[in-house]
J.: 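Quick one: this structure, given as structure tokens, is what I'll be asking you about.
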Amino acid sequence: MAKLVQAVYYFLFRLAGLLPRKQNLVIFESFSGKQYSCNPRAIYEYMKEHEPEYALLWSVNPRYTKLFEEHGVPYVTRFSVKWLFTMGRAKYWISNSRLPLELPKPKKTVYVQTWHGTPLKKLGVDIDEVHMPGQTTAQYKDDFVREAAKWDYLISPNAYSSKIFRSAFGYTGAMIESGYPRNDLLFSSNKEAMIAEIRQKLEIPDGKKVILYAPTWRDNDFHKVGEYKFDLKFDVAQMKVRFGEDVVLLIRMHYLVAEQFDFAQYGDFIRDVSSYDDIRDLYLVSDMLITDYSSVFFDYANLDRPMIFFTYDLAEYRDTLRGFYFDFEKNAPGPLVETSEQLMDEIATILEQPAKSNSQFFQQFCEWEDGHAAEKTVQIVFKK
């Protein structure tokens, strides 16, 4: 019965796609409707201020509507009847992740794929063997190419990514080489005032340093399709003993990680910011980043602040799960550590003497970033 209902739904979507386009309607979606964040948010905010003639709507997973209501952001509930006709007739789609493959793109709709990170780990067609639940390697690659064929534009953050996106997605369409709109905020002239406001919102005491821990997910460690496991591999209690007087730790899990953590026993030392609206605020307020293979470090590099890479499973991740596009051990813009003790020693070192900037890394991966990526994107897509 469910398959029949789904078939009817997508049939009606195809019919809606044959109706005339609503020329000024733009639909935004971030991480399958679960967040008000990332590149779509930055483009939305720019258009809201500078392009008042457009009607701007968000596609939202029904479990996450409260977030959009709190922000006063207009939305339509994903896969509702209203969504079917709204999405089906919109002139523009702007998303940072893949839309359902069964969803046909109407011929005269413009689909802007912003994607959501500079790739370190292999993507799409470039992955040698897929370890995700419910998919064979061949099916996964074919799905990626079929989805990419729908894109009219793909945003690239740097020349390195442009080349990889072509191969990983089998993408042959137009590339917007603008840098990432989501990073525009990192160049704001009002940065210091925003940092003070975010610190207050997160109840971070004056004088305390902020460390952001933002790891990625593991393809082979999952509960079910789309929900991945994660265990903290460092000694939180010991970290509190060593740094609790001087530091607040922000923990930001990847959106695919389903784990719920209870940090109550650590008091004010930890803030779980996994459900915080947008990670760009957390970049701004953090004095140091700890990550692993997540693309967050490419964005954070724009701030020229210290980074540590907690790569406790480096060999497995590099050689079995994903593989990397470049020599990560040689070129990472910060030290790689494998144990909890090494991690804490590096934190102590950086707190005493912040690391020097890595200008070579910045030039390779951040040279297009100038605070105007959203503006450049809008000029190309809407003003051509």
Side-chain angles (χ1 to χ4, degrees), residues 1-36 38-41 43-44 47-48 51-65 68 73-116 124 139-155 165 169-176 226 377-384:
M1 184 64 182
K3 287 187 176 181
L4 177 61
V5 171
Q6 188 181 61
V8 170
Y9 188 91
Y10 285 120
F11 174 74
L12 291 174
F13 193 96
R14 282 187 170 83
L15 290 182
L18 297 175
L19 297 171
R21 300 298 82 201
K22 291 187 175 181
Q23 295 296 324
N24 70 333
L25 179 57
V26 189
I27 302 292
F28 297 84
E29 186 175 283
S30 180
F31 297 115
S32 304
K34 297 177 182 178
Q35 290 188 18
Y36 174 52
C38 198
N39 296 310
R41 177 177 179 174
I43 297 169
Y44 167 81
M47 292 189 70
K48 185 179 177 183
E51 306 292 341
E53 69 272 25
Y54 287 94
L56 312 176
L57 269 180
W58 280 76
S59 164
V60 179
N61 182 304
R63 292 168 56 193
Y64 297 86
T65 56
F68 291 81
V73 174
Y75 70 89
V76 60
T77 305
R78 209 171 189 247
F79 296 128
S80 64
V81 174
K82 183 179 178 182
W83 184 89
L84 185 157
F85 288 101
T86 305
M87 191 82 171
R89 294 193 62 193
K91 175 66 176 179
Y92 301 95
W93 296 348
I94 298 180
S95 176
N96 71 344
S97 57
R98 291 184 290 164
L99 294 171
L101 194 60
E102 301 89 351
L103 203 69
K105 183 180 82 74
K107 189 175 293 185
K108 294 185 179 179
T109 289
V110 177
Y111 182 177
V112 182
Q113 175 57 247
T114 75
W115 204 239
H116 50 264
Q139 178 194 352
Y140 177 82
K141 293 182 178 184
D142 183 60
D143 287 354
F144 243 110
V145 173
R146 287 171 59 200
E147 162 69 8
K150 300 177 184 178
W151 304 341
D152 296 286
Y153 295 97
L154 174 61
I155 294 179
F165 286 166
F169 302 142
Y171 180 69
T172 59
M175 194 87 72
I176 300 175
T377 298
V378 169
Q379 288 295 322
I380 290 171
V381 175
F382 297 91
K383 304 295 183 182
K384 67 173 185 176

J.: Determine whether V145 and K141 make a side-chain contact, defined as any pair of heavy atoms from C-beta on separated by less than 4.5 Å.
T.: no
J.: In sequence, state the C-alpha distance, the side-chain angles, and the governing distance for Y54 and Y44, and then conclude on side chain to side chain contact (heavy atoms under 4.5 Å, CB included).
T.: CA-CA 10 Å; Y54 287 94; Y44 167 81; over 6 Å; no
J.: Output, in order, the C-alpha distance, side-chain angles, deciding distance and verdict of side chain to side chain donor-acceptor pair (under 3.5 Å) for E29 and S59.
T.: CA-CA 5 Å; E29 186 175 283; S59 164; 2.6 Å; yes
J.: Starting at CD of Q379, measure out to CD1 of I176 and round the result to the nearest 0.5 Å.
T.: 11.5 Å
J.: Would you mind reporting whether M175 and L154 have side-chain heavy atoms less than 4.5 Å apart?
T.: yes
J.: Any sub-3.5 Å donor-acceptor pair from K150's side-chain atoms to L103's backbone N or O?
T.: yes
J.: How many angstroms lie between CD1 in I43 and SG in C38, if you round to the nearest 0.5 Å?
T.: 9.0 Å
J.: Between K91 and K108 (side chain of the first, backbone of the second, donor and acceptor by atom type, cut-off under 3.5 Å), is there such a pair?
T.: yes
J.: Evaluate the side-chain proximity of F79 to P62: yes if any heavy-atom separation is below 4.5 Å, no if none is.
T.: no
J.: Does a salt bridge link K105 with D152, judged by any charged N lying under 4.0 Å from a carboxylate O?
T.: yes
J.: For a quick test of reading the model, state the closest non-hydrogen atom pair linking Y171 to A148 and the distance between them.
T.: CD1-O, 3.7 Å
J.: Please report the shortest heavy-atom distance between S97 and S32, naming the atom on each side.
T.: OG-N, 3.5 Å
J.: When you compare the side chain of W115 with that of I155, does any pair of heavy atoms fall below 4.5 Å?
T.: no
J.: Does the side chain of Y75 reach to within under 4.5 Å of the side chain of Y36, using non-hydrogen atoms?
T.: no
J.: What distance separates N39 CG from T377 OG1, expressed to the nearest 0.5 Å?
T.: 8.0 Å
J.: In terms of the angle between their ring planes, are W58 and F68 parallel, tilted or perpendicular, with boundaries placed at 30° and 60°?
T.: tilted
J.: How long is the straight-line distance from CG of L12 back to CG of L84, given to the nearest 0.5 Å?
T.: 6.0 Å
J.: Carefully, step by step, assess L56 and K48 under the rule side chain to side chain contact (heavy atoms under 4.5 Å, CB included).
T.: CA-CA 8 Å; L56 312 176; K48 185 179 177 183; 4.1 Å; yes
J.: Any chance you could measure L101, atom CG, to D142, atom CG, to the nearest 0.5 Å?
T.: 8.0 Å
J.: Could you tell me whether a side-chain N or O of N96 sits under 3.5 Å from a main-chain N or O of F31, the two making a donor and an acceptor?
T.: yes
J.: Any chance CZ of F11 has more than 12 other-residue heavy atoms, nucleotides or ligands included, within less than 6.0 Å?
T.: no
J.: Would you call E102 and Y9 a side-chain contact if the rule is heavy atoms closer than 4.5 Å?
T.: no
J.: Taking all atoms of both residues into account, what is the closest heavy-atom pair of F85 and A16, and its distance?
T.: CD2-CB, 3.9 Å
J.: Can a salt bridge be assigned to the pair E53 and K383 using a cut-off of 4.0 Å between side-chain N and carboxylate O?
T.: yes
J.: Could you tell me if the side chain of P100 sits less than 4.5 Å from the side chain of R78, heavy atoms only?
T.: yes
J.: How close do G88 and P106 get, counting heavy atoms only, and between which atoms?
T.: O-CG, 3.6 Å
J.: Going from NZ on K82 to OG1 on T77, what distance comes out if it is rounded to the nearest 0.5 angstrom?
T.: 8.0 Å
J.: Determine, using ring centers only, whether Y140 and F144 are less than 6.0 Å apart.
T.: yes
J.: Quick one, M47 and F28 - any side-chain contact, counting heavy atoms below 4.5 Å?
T.: yes
J.: State which residue, out of Y153, Y92, W93, fulfils the ring-ring contact (aromatic ring centres under 6.0 Å, His included) condition with Y111.
T.: W93
